[in-house]
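Take a look at the structure below.
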Amino acid sequence: MWPDRRLIDLFKTEFPIVLAPMAGVMDAELVIAVAQGGGLGSLPCAMLSAEKAREQVNIIRRRVSSPVNLNFFCHKAVDADPAREATWRQRLAPYYREHGLDPDAPINAANRAPFDAAFCAVVEELKPEVVSFHFGLPEPKLLQRVKAAGAIVMSSATTVKEAIWLEENGADVVIAQGADAGGHRAMFLTENISEQPGTFSLLPQVVDAVKAPVVAAGGIADGRGIAAAFALGAAAVQIGSAYLRCPESRVTPQGRVALAQASDESTVITNVMTGRPARGVANRVMREVGPISPDAPAFPHAATALGPLKAAAEKQGKVDFTNLWAGQAVRMGKEMPAAELTRALAGAALARMGKLAG
């Protein structure tokens, strides 16, 4: 009944729905629930140690026999710049004083590590059916090892040029990430966020440019969006924001309130939270310091100085310094179990496509 079954057959899932890997707000529970609903569950590993990733996958494997996608970052790691860190702390100092914190106190460094040999060994050991990457692809030798372990390789593109590069450099599946998508921009051949197209402008151009099956990501949160993506040539969709208010997500209570109150105008692209452009629900620090600030240290070091502020504000029930990554369709999210939501999304999409065909 699906007009393009390439990714259903490749992933061996019931539905062509991929759970977006959302680091920091989800774990094995959401992966399991989406898999039970017939979609492809994705585990974000960028903020996990190799040991924690192994533990999470083992939990998933014990609960479901469905395929799983492990997601990793491929950014080029850069050392913290002490001068820039000092400028950033100075910029945030009024917030520290407001919360009774010492802006000069030592802070644990942000923990977003790029894919490396240790993570590659975990992939070889656990043999996930799918491995996806953000910010390009790992170095060729590591990518060869991932493929030799039997994994289907996906990566995200924010432009046609990036999509072509991914296919030429070994990606089996290309994710077309529009500017309306939540989370970090996947860009790796450009730094210009102002030029990035929205999902439904980018998608058909990527479909025309590559032979690999394409997953549409960004602004898709109901059956209409899924049907529209398939009409434009997608073989699957990747959905994140719609799952944020499911009981299996790890969004905090105050975060759930902010998401429930969000509108179509609530999200912005900001570099304030991590040092790299990402779309999320605007909070106090995004509005007052950004949303784009030249003072923000390089990724992921901007997040380091925000850590104590985030913890202090959350104790007061506030999300002033919490990164609630979400796309422009965030208001369409539902408070319902993720397995049930996955089936509802698929059913609504098939019904919509049936009406259009009729």
Side-chain angles (χ1 to χ4, degrees), residues 20-30 33 44 46-48 88-112 182-184 221 240-276 278-293 295-296 300-338 341:
M22 299 177 287
V25 294
M26 61 165 288
D27 60 12
E29 291 303 314
L30 188 57
M47 294 175 67
L48 303 181
W88 186 231
R89 286 208 189 195
Q90 186 176 1
R91 180 68 182 85
L92 299 176
Y95 299 117
Y96 271 75
R97 289 192 290 270
E98 178 186 328
H99 289 83
L101 300 171
D102 178 4
D104 297 319
I107 309 170
N108 291 329
N111 62 333
R112 292 167 178 84
H184 285 98
S241 300
Y243 287 103
L244 287 172
R245 290 163 61 202
C246 292
E248 297 89 353
S249 91
R250 290 292 177 260
V251 176
T252 62
Q254 55 266 40
R256 290 176 184 273
V257 172
L259 290 168
Q261 295 174 345
S263 73
D264 59 316
E265 300 173 317
S266 293
T267 68
V268 297
I269 292 179
T270 181
N271 73 333
V272 167
M273 304 306 298
T274 66
R276 194 173 183 117
R279 182 179 291 283
V281 176
N283 60 22
R284 180 184 175 189
V285 73
M286 288 181 197
R287 287 189 292 264
E288 295 178 0
V289 177
I292 300 294
S293 171
D295 294 333
H301 304 297
T304 298
L306 286 168
L309 293 169
K310 175 178 182 286
E314 286 184 352
K315 285 181 182 176
Q316 300 174 5
K318 298 177 181 178
V319 291
D320 291 352
F321 307 95
T322 300
N323 50 330
L324 288 173
W325 298 144
Q328 289 181 316
V330 61
R331 68 179 298 172
M332 298 167 70
K334 300 281 195 304
E335 291 183 22
M336 60 192 297
L341 176 58

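Of all heavy-atom pairs between Ala20 and Met26, the closest is O-SD, 3.9 Å. The heavy-atom pair separating Ala326 from Val330 by the smallest distance is CB-CG2, 3.7 Å. Scanning all heavy atoms of the two residues, the minimum distance from Leu244 to Val251 falls at O-CG2, 3.5 Å. Here the shortest heavy-atom pairing between Ala312 and His99 reads CB-CD2, 4.0 Å. Nearest approach of Ala33 to Ala338, heavy atoms of both residues: CB-CB, 3.6 Å. Taking each heavy atom of Pro247 and Arg250 in turn, the nearest pair found is O-NH1, 4.5 Å.
Once rounded to the nearest 0.5 Å, the distance linking SG of Cys246 with CD of Glu335 reads 9.0 Å. Rounding to the nearest 0.5 angstrom, the gap separating the CD1 atom in Ile292 from the OG1 atom in Thr270 is 5.5 Å. Interatomic distance, His184 NE2 to Arg279 CZ, rounded to the nearest 0.5 Å: 13.0 Å. Atom CG in Leu259 sits 11.0 Å away from atom OG1 in Thr267 (nearest 0.5 Å). If you take CE on Met286 and CG on Asn271, they are separated by 10.5 Å, rounding to the nearest 0.5 Å. A distance of 11.0 Å separates NZ of Lys310 from CG of Asn283, quoted to the nearest 0.5 Å.
Taking a cutoff of 4.0 Å between a charged side-chain nitrogen and a carboxylate oxygen, Arg284 and Glu98 qualify as a salt bridge. Between Arg331 and Asp264, at least one side-chain N (NZ, or NE/NH1/NH2) sits under 4.0 Å from a carboxylate O, which counts as a salt bridge.
Counted within 6.0 Å of CG on Asn108, heavy atoms from surrounding residues, nucleotides or ligands total 12 or fewer; the atom is thus considered open. More than 12 heavy atoms of other residues, nucleotides or ligands sit less than 6.0 Å from atom CD of Gln316.
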Check against side chain to side chain contact (heavy atoms under 4.5 Å, CB included), Glu288 and Tyr95: CA-CA 11 Å; Glu288 295 178 0; Tyr95 299 117; 2.6 Å; yes
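In this structure, the side chains of Met273 and Trp325 come closer than 4.5 Å at one or more pairs of heavy atoms. Taking the side chain as every heavy atom from C-beta outward, Tyr243 and Leu341 approach each other to under 4.5 Å. When side chains are defined from C-beta on, Pro337 counts as touching Glu248, because their heavy atoms get closer than 4.5 Å. Between Val289 and Asp295, the closest side-chain pair of non-hydrogen atoms is not below 4.5 Å. The closest side-chain heavy-atom distance from Leu92 to Leu306 is below 4.5 Å. Annotation: side chain of Arg112 is in contact with side chain of Met47 (closest heavy-atom distance under 4.5 Å).
Between the side chain of Tyr96 and the main chain of Ala305, a donor-acceptor pair closer than 3.5 Å is present. In this structure a side-chain-to-backbone donor-acceptor pair under 3.5 Å is missing from Ser293 to Val272. Not a single donor-acceptor pair under 3.5 Å links the side chain of Glu314 to the backbone N or O of Thr322. Side-chain atoms of Arg256 come within 3.5 Å of backbone atoms of Arg245 as a donor-acceptor pair (strictly under, hydrogens ignored). A side-chain donor-acceptor contact under 3.5 Å links Arg287 to the backbone of Ala282.
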